[in-house]
Structures are given as C-alpha cells and as structure tokens.
Amino acid sequence: MKMSRLTNLLFVLIAVTAILSLTDTIFVFQSDFPLALQVDGEVWIRKISEFSISDRVAIFSMLEFTTLPWYWALFMMWRLAKLYRDGQYFTPQNSRCFVGIAYALIAMSILDTLIAPVIGGYFYYRGILDGMPDMDVTLILADTDLLTAGLFFFLIGMIMEKASTLREEADMTI
C-alpha cells in the first residue's frame, strides 16, 4: 500500500514539475531578463528587449534547448513510476529508465556548460559582441553535480540490469 501511495504522489509531482517547467519557459520568453557575459574581463549586460525579434527567438531557442533533457528525465521518471505501480521492480525496462535519466542528467551538465559560449559565439557571429566571452573554469566545475548524479543513475541502471538478469535466471531454476 505504501508503494502505491508513493508512486501516486510521484505521478502528481512529475505532472506539477512538468507544468511548472513549461510555465517557466513561457515566463522566460515574455520576461525582459538581462543576459550577462564576461568579455575581455568586462561584464557585458543587455536586456532581451534590446535585441531584434530574430535574435530573441535564437536566444530563446538556445536557452530552451538546454531544457529538453529535463523533460526526457521527467518522462523516464514517469515510466519508472508506472512500472513500479504495475509491480515490475527488477526488469530491463526499469534499467532503461534509469539509464535514460542518467543520459538526460549528463546531457544537462554538458549543455549547461556550453550555453554561455554558444550564445556568446552567436553574438560574436552576429556582430553584437566584439569578442568571444571569457571562459570561466568555475562554470565548468559548477555542473559537476549533474554529471555526478548522471553517473550515479547510470550505475543504478547497470545494477538494475544485473538484478533483472539474476531474477530471470532464478525464475528459470526449478
């Protein structure tokens, strides 16, 4: 009974998280938040409203592209909760869900690290910036949390695969 309540709560939380993530996307697109980059040691700041419509769409697309792995992770969590609700605990499908979450977290880490240089490169290409943004080592190190979590979920996926294999072998033993 506890497992059922927990999976139901997880379904609700996943739905709320997805809705809030989409709401955040809409808010970001309609807001006038400033973008800040460091170029040659100087902080460069410009509000979104100061860009042309085509540049705004490009910026928004680049920023939102980094959230796609998050939606994949939520979908994998939803599938995993559905499998658990259906009483499937040690199956290859569970393993694939954990590995899917792992890849999503690792992709989020990589994309979060690359977003500033990519946007800066776009600005440089369009002539908005005179130079490429400075690379800050702390930005690279800041996303080790997602990378660590991704590798941990990958390990859990491998363990779940091994557990499903052992379960299949035990089921075939007379």
Side chain to side chain contact (heavy atoms under 4.5 Å, CB included) assessment of Leu105 paired with Phe153 | CA-CA 9 Å; Leu105 292 170; Phe153 271 89; 3.7 Å; yes
With under 30° as parallel and over 60° as perpendicular, where do the rings of Trp44 and Phe51 fit, or are they tilted in between?
-> tilted
Find out if a path of hydrophobic residues (ILVMFWY) with successive side-chain heavy-atom gaps under 4.5 Å connects Tyr103 to Leu114.
-> no
Distance from Thr165 atom OG1 to Met160 atom CE, nearest 0.5 Å?
-> 11.0 Å
Can you see which heavy atom on Ser21 is nearest to which on Trp70, and at what distance?
-> OG-NE1, 3.1 Å
When every non-hydrogen atom of Ile101 is compared with those of Ala73, the smallest separation belongs to CG1-O, 4.0 Å
Side chains of Pro92 and Glu161: closer than 4.5 Å at any heavy-atom pair?
-> yes
Do you reckon Phe33 sits in the same ILVMFWY cluster as Val118, going by side-chain contacts under 4.5 Å, direct or chained?
-> yes
For the atom pair OG (Ser164) and CG (Asn94), what is the distance rounded to the nearest 0.5 Å?
-> 8.0 Å
Does Gly131 offer a backbone N or O that forms a donor-acceptor pair with the side chain of Asp40 under 3.5 Å?
-> no
Dump the intermediate steps for side chain to side chain contact (heavy atoms under 4.5 Å, CB included) on Phe123 and Arg46, then the final yes or no.
-> CA-CA 11 Å; Phe123 288 163; Arg46 188 178 283 181; over 6 Å; no
Look at the side-chain heavy atoms of Ile, Leu, Val, Met, Phe, Trp and Tyr, link any pair under 4.5 Å apart, and say whether Val39 and Ile119 land in one connected group.
-> yes
Worked verdict on Leu151 versus Leu155 for side chain to side chain contact (heavy atoms under 4.5 Å, CB included) | CA-CA 6 Å; Leu151 292 175; Leu155 176 64; over 6 Å; no
dist Asp55:CG -> Phe60:CZ (nearest 0.5 Å) comes out at 15.0 Å
Nearest 0.5 Å please: distance from the CG atom of Asp86 over to the OG1 atom of Thr7.
-> 9.0 Å
Of all the heavy-atom pairs spanning Leu37 and Leu129, show the shortest one and how long it is.
-> CD1-CD1, 3.9 Å
Heavy atoms only: give me the nearest Pro69-Leu111 pair and the separation to one decimal.
-> CG-CD1, 3.8 Å
Are Met76 and Phe98 joined in one hydrophobic group, where the rule is that I, L, V, M, F, W and Y side chains link up if heavy atoms are under 4.5 Å apart?
-> yes
So do Leu166 and Lys162 actually touch side chain to side chain, heavy atoms under 4.5 Å?
-> yes
So if you build clusters from Ile, Leu, Val, Met, Phe, Trp, Tyr with side-chain heavy-atom gaps below 4.5 Å, do Met132 and Ile115 land together?
-> no
Measure the spacing between CD of Glu64 and OH of Tyr71 and express it to the nearest 0.5 Å.
-> 6.5 Å
Are the side chain of Arg56 and the backbone of Ser49 linked by a donor-acceptor contact shorter than 3.5 Å?
-> yes
Any chance CZ of Phe152 has more than 12 other-residue heavy atoms, nucleotides or ligands included, within less than 6.0 Å?
-> no
More than 12 heavy atoms from other groups under 6.0 Å of CZ on Phe11 = yes
For the residue pair Leu35 and Ile45, establish whether any side-chain heavy-atom pair is separated by less than 4.5 Å.
-> no
Considering non-hydrogen atoms only, spot the tightest contact between Gly121 and Pro133 and give its length.
-> N-CD, 4.4 Å
Test side chain to side chain contact (heavy atoms under 4.5 Å, CB included) applied to Arg167 and Thr91, step by step = CA-CA 8 Å; Arg167 196 193 104 228; Thr91 65; 3.9 Å; yes
List the atom of Ser52, the atom of Arg126, and the distance in Å for their closest heavy-atom pair.
-> OG-NH2, 4.2 Å
Classify the angle between the aromatic ring planes of Trp72 and Phe75 as parallel (below 30°), tilted (30 to 60°) or perpendicular (above 60°).
-> tilted
What's the spacing between Ile14 CD1 and Arg79 CZ if we round to 0.5 Å?
-> 12.5 Å
Please check if the side chain of Ser109 supplies one atom and the backbone of Leu146 the other of a donor-acceptor pair under 3.5 Å.
-> no
